[in-house]
Number of protein chains: 2
Amino acid sequence: MAQKESHHEIYKGYNKLYIALDCIIFGFDEGELKLLLIKRNFEPAKGQWSLIGEFMDENESLHEAAYRILYNLTGLKDVYMSQLYSHGDVDRDPGARVISVSYYALINIQNHDAQLVKDNFAHWRPLSKIPPLVFDHSTMVEMALKRLRKEAKVKPIGFELLPPKFTLPQLQSLYEAIYSKTLDKRNFRKNMLSMGLLEKLDEKEKENSKKGAFYYQFNEQKYKELTARGFYFNIVI
Amino acid sequence: MAQKESHHEIYKGYNKLYIALDCIIFGFDEGELKLLLIKRNFEPAKGQWSLIGEFMDENESLHEAAYRILYNLTGLKDVYMSQLYSHGDVDRDPGARVISVSYYALINIQNHDAQLVKDNFAHWRPLSKIPPLVFDHSTMVEMALKRLRKEAKVKPIGFELLPPKFTLPQLQSLYEAIYSKTLDKRNFRKNMLSMGLLEKLDEKEKENSKKGAFYYQFNEQKYKELTARGFYFNIVI
DNA sequence: CCAAAAGTGTTCATCGTACACCCATGT
DNA sequence: ACATGGGTGTACGATGAACACTTTTGG
């Protein structure tokens with residue numbers, strides 16, 4: 001504690017800055033990727049579209065802040081989230097010097113707390129129809145999409161955007177949405193199933209077709225085992 | 001300006017934090033990767049090994065700060081540098097709450113200003129013999145190496161670590177150092193030359209062999225042209 | 001019975017990988 | 001002449017890419 005004090009002394013001559021944390025929250029619904037955006041009802045830039053973000057508190061880590069913000073908006077806790085980038089242009093926020101750390105999250109859109117979202121003036125917007133955003137938030141979204149496209153090829157993160165049980169046509173549709181590209185059904189299924197990470201269930205989804213499509217679920221445990229032995233997830237786009 | 005004032009008012013209730021910026025500086029010499037580390041002669045952790053870093057100033061962007069720090073230590077300006085990660089654990093710096101943004105740099109080790117390095121108590125240390133580092137700096141180094149390994153496969157950044165003129169054996173030796181792996185000479189050369197990015201010079205390097213090895217240089221211009229047409233650098237390890 | 005989506009295999013080209021010998025030259 | 005590092009080509013297996021028809025069933 002004495003040491004802590006002395007360090008405070010040492011650092012005392014230096015500036016402190018505002019740090020914010022912004023979240024890019026992806027969902028998948030109706031065959032397309034969506035982002036959770038808020039219509040700000042507070043200054044600055046009141047009434048404009050924005051990512052959800054808040055200022056960092058002295059007593060929480062970056063990860064904790066990211067999960068706090070996500071939780072407050074969606075009621076979700078166990079969610080895939082990953083640090084994206086730190087945005088530090090001097091004038092990025094016209095109001096004051098604020099450095100923003102961005103995180104991106106992939107959530108199962110079915111699970112979020114719609115009431116909370118509503119209370120926060122937030123809305124799901126299709127990625128193809130994102131309105132202009134405040135500050136450098138559009139850049140953040142671009143970077144997040146780029147990152148998602150990179151990661152979804154080599155990590156099994158796509159499943160985070162789907163319910164625990166999903167069909168192969170749904171999964172393919174998700175990948176097609178991520179990469180804005182139609183994929184060959186046979187090659188996609190062969191590729192996906194050949195990794196041995198999906199378990200076929202004895203149950204069919206019958207909303208989208210008369211024949212019905214079998215449900216599958218991702219085997220997290222098996223993925224960990226294989227990874228420990230040098231296996232790499234890889235889906236060819 | 002009136003607006004700026006009003007925004008300051010709005011943000012006024014929020015905390016400011018210390019933000020530091022740390023640089024992981026890679027060089028390549030004597031067949032191995034090296035890092036530029038400082039032996040701190042200031043508190044806290046005086047006498048211990050550390051990355052070079054400083055506190056962020058209110059009036060510079062993250063990139064500007066990174067280049068400032070690198071310049072002050074090495075005298076180098078036009079250098080490959082890229083943001084790595086932001087480290088935000090509450091207790092990462094035992095002295096005070098400091099968030100650190102890390103950048104990693106690849107420099108041609110021949111070009112640095114040895115006197116400046118000396119004045120800053122900095123030393124080149126082989127990656128294989130990195131001493132324990134202060135705070136979470138060892139984590140930063142690990143992350144930087146991981147990133148370098150990812151990037152050197154798909155971007156022509158290896159050349160940043162070499163002089164403008166280099167031989168294929170030197171280039172191969174660099175890749176072998178990056179990946180801690182011996183590579184097949186024929187496959188490496190075939191792969192590298194097939195991209196058409198290297199220009200063979202009429203000059204030989206004769207320090208390392210009697211026969212001498214031809215110098216090559218990287219054609220940045222051609223890389224840009226090809227990239228614009230959808231080409232991707234790719235070297236198989 | 002028919003429309004609509006689910007499911008299934010094979011062929012070909014490309015790319016990655018393994019591998020061994022000759023060349024040039026300084027001593 | 002020889003030791004040392006530089007330079008070169010080929011064959012095989014694995015992987016990615018293209019491609020069309022059958023199955024199921026609700027209406």
Side-chain angles (χ1 to χ4, degrees), chain A residues 30-32 149-150 152-154 162-163 165-177 179-217 226 230-237, chain B residues 30-32 149 152-154 162-163 165-177 179 181-217 226 230-237:
Chain A
E30 300 169 319
E32 51 186 353
R149 286 178 170 165
K150 215 180 237 181
K153 282 185 196 178
V154 295
L162 294 173
K165 297 192 299 187
F166 51 84
T167 69
L168 285 174
Q170 281 166 1
L171 185 60
Q172 179 174 345
S173 156
L174 167 64
Y175 274 85
E176 291 180 333
Y179 294 99
S180 303
K181 198 174 171 183
T182 62
L183 301 174
D184 182 275
K185 212 186 343 178
R186 283 166 292 188
N187 291 340
F188 179 80
R189 295 169 75 102
K190 200 194 320 166
N191 191 180
M192 195 55 91
L193 292 172
S194 72
M195 289 187 279
L197 296 172
L198 298 188
E199 282 166 7
K200 189 175 183 173
L201 303 181
D202 259 345
E203 193 183 349
K204 276 190 169 184
E205 181 274 334
K206 309 209 57 159
E207 306 256 312
N208 295 306
S209 71
K210 293 159 184 169
K211 185 177 178 180
F214 279 103
Y215 277 117
Y216 286 78
Q217 61 187 16
L226 289 174
F231 163 85
Y232 290 98
F233 184 90
N234 183 37
I235 179 87
V236 180
I237 308 295
Chain B
E30 299 168 321
E32 50 187 352
R149 286 179 169 165
K153 282 185 196 179
V154 294
L162 294 173
K165 296 193 300 186
F166 51 84
T167 69
L168 285 174
Q170 281 166 1
L171 185 60
Q172 181 175 344
S173 156
L174 167 65
Y175 274 85
E176 291 180 333
Y179 295 99
K181 198 176 172 182
T182 62
L183 301 174
D184 182 277
K185 213 188 340 180
R186 283 167 290 191
N187 291 341
F188 179 81
R189 296 169 74 103
K190 199 194 320 168
N191 192 179
M192 195 55 90
L193 292 171
S194 72
M195 289 187 280
L197 296 171
L198 298 188
E199 282 167 7
K200 189 177 185 173
L201 303 181
D202 261 344
E203 192 184 348
K204 276 190 169 182
E205 181 275 334
K206 308 209 60 161
E207 306 256 311
N208 296 307
S209 72
K210 293 159 183 168
K211 183 176 179 181
F214 280 103
Y215 278 117
Y216 286 78
Q217 61 187 15
L226 289 174
F231 163 84
Y232 290 97
F233 184 91
N234 185 37
I235 180 86
V236 180
I237 307 297

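Throughout, a chain's letter reflects where its sequence line sits, starting with A, and its residues are numbered from 1.
- Chain B approaches DNA chain C within less than 4.0 angstrom (heavy atoms of the protein), and the contacting nucleotides run 5' to 3' from dG16(C) to dG26(C).
- Within 6.0 Å of atom NZ in K204(B), more than 12 heavy atoms from other residues, nucleotides or ligands are found, so the atom counts as buried in its surroundings.
- Legend: residues meeting salt bridge (Lys or Arg N to Asp or Glu O under 4.0 Å) with E176(A), ordered by chain and number and at least two apart, are absent.
- L183(A) has its CG atom 11 Å from the P atom of dA18(D), to the nearest Å.
- Considering only heavy atoms from C-beta on, R189(A) comes within 4.5 Å of P169(A) through its side chain.
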Listed pairs, N/O of protein and of nucleotides 13-17 of chain D, under 3.5 Å:
none

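- Look at CZ on F188(A): it is 18 Å from C1' on dA18(D), rounded to the nearest Å.
- The salt bridge (Lys or Arg N to Asp or Glu O under 4.0 Å) search around E207(B) returns none, not counting sequence neighbours.
- For the segment residues 206-214 of chain A, the set of residues with a heavy atom within less than 4.0 Å of an atom of DNA chain C comprises N208(A), S209(A), K210(A), K211(A), G212(A), A213(A), F214(A), in numerical order.
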Below 3.5 Å, can you tabulate the donor-acceptor pairs from side chains in residues 191-198 of chain B to any protein atom, sequence neighbours excluded?
from, atom 1, to, atom 2, distance (Å)
N191(B), OD1, V236(B), N, 2.8
N191(B), ND2, N234(B), O, 3.3
S194(B), OG, K190(B), O, 3.3
S194(B), OG, N191(B), O, 2.8

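- Here the side chains of Y216(A) and T167(A) are not in contact, with every heavy-atom distance at 4.5 Å or above.
- With hydrogens and angles ignored, the 3.5 Å screen pairs a side-chain donor or acceptor of E205(A) with a backbone N or O of N208(A).
- The CD atom of E205(B) sits 11 Å away from the C1' atom of dG5(D) (whole-angstrom rounding).
- A side-chain donor-acceptor contact under 3.5 Å links Y179(B) to the backbone of R149(B).
- Here the side chain of E32(B) pairs no donor or acceptor atom with the backbone of A177(B) at under 3.5 angstrom.
- The shortest distance between the side-chain N/O atoms of R189(B) and the OP1/OP2 oxygens of dT8(D) is below 4.0 Å.
- Not less than 6.0 angstrom separates the ring centroid of F166(B) from the ring centroid of Y215(B).
- Exactly one of E203(A), Q170(A), Q217(A) qualifies for a side-chain hydrogen bond (donor to acceptor under 3.5 Å, both in side chains) with K165(A). That residue is E203(A).
- Both D184(B) and T167(B) lie close to DNA chain D; mapped to their nearest nucleotides by heavy-atom distance, the more 5′-ward contact belongs to T167(B).
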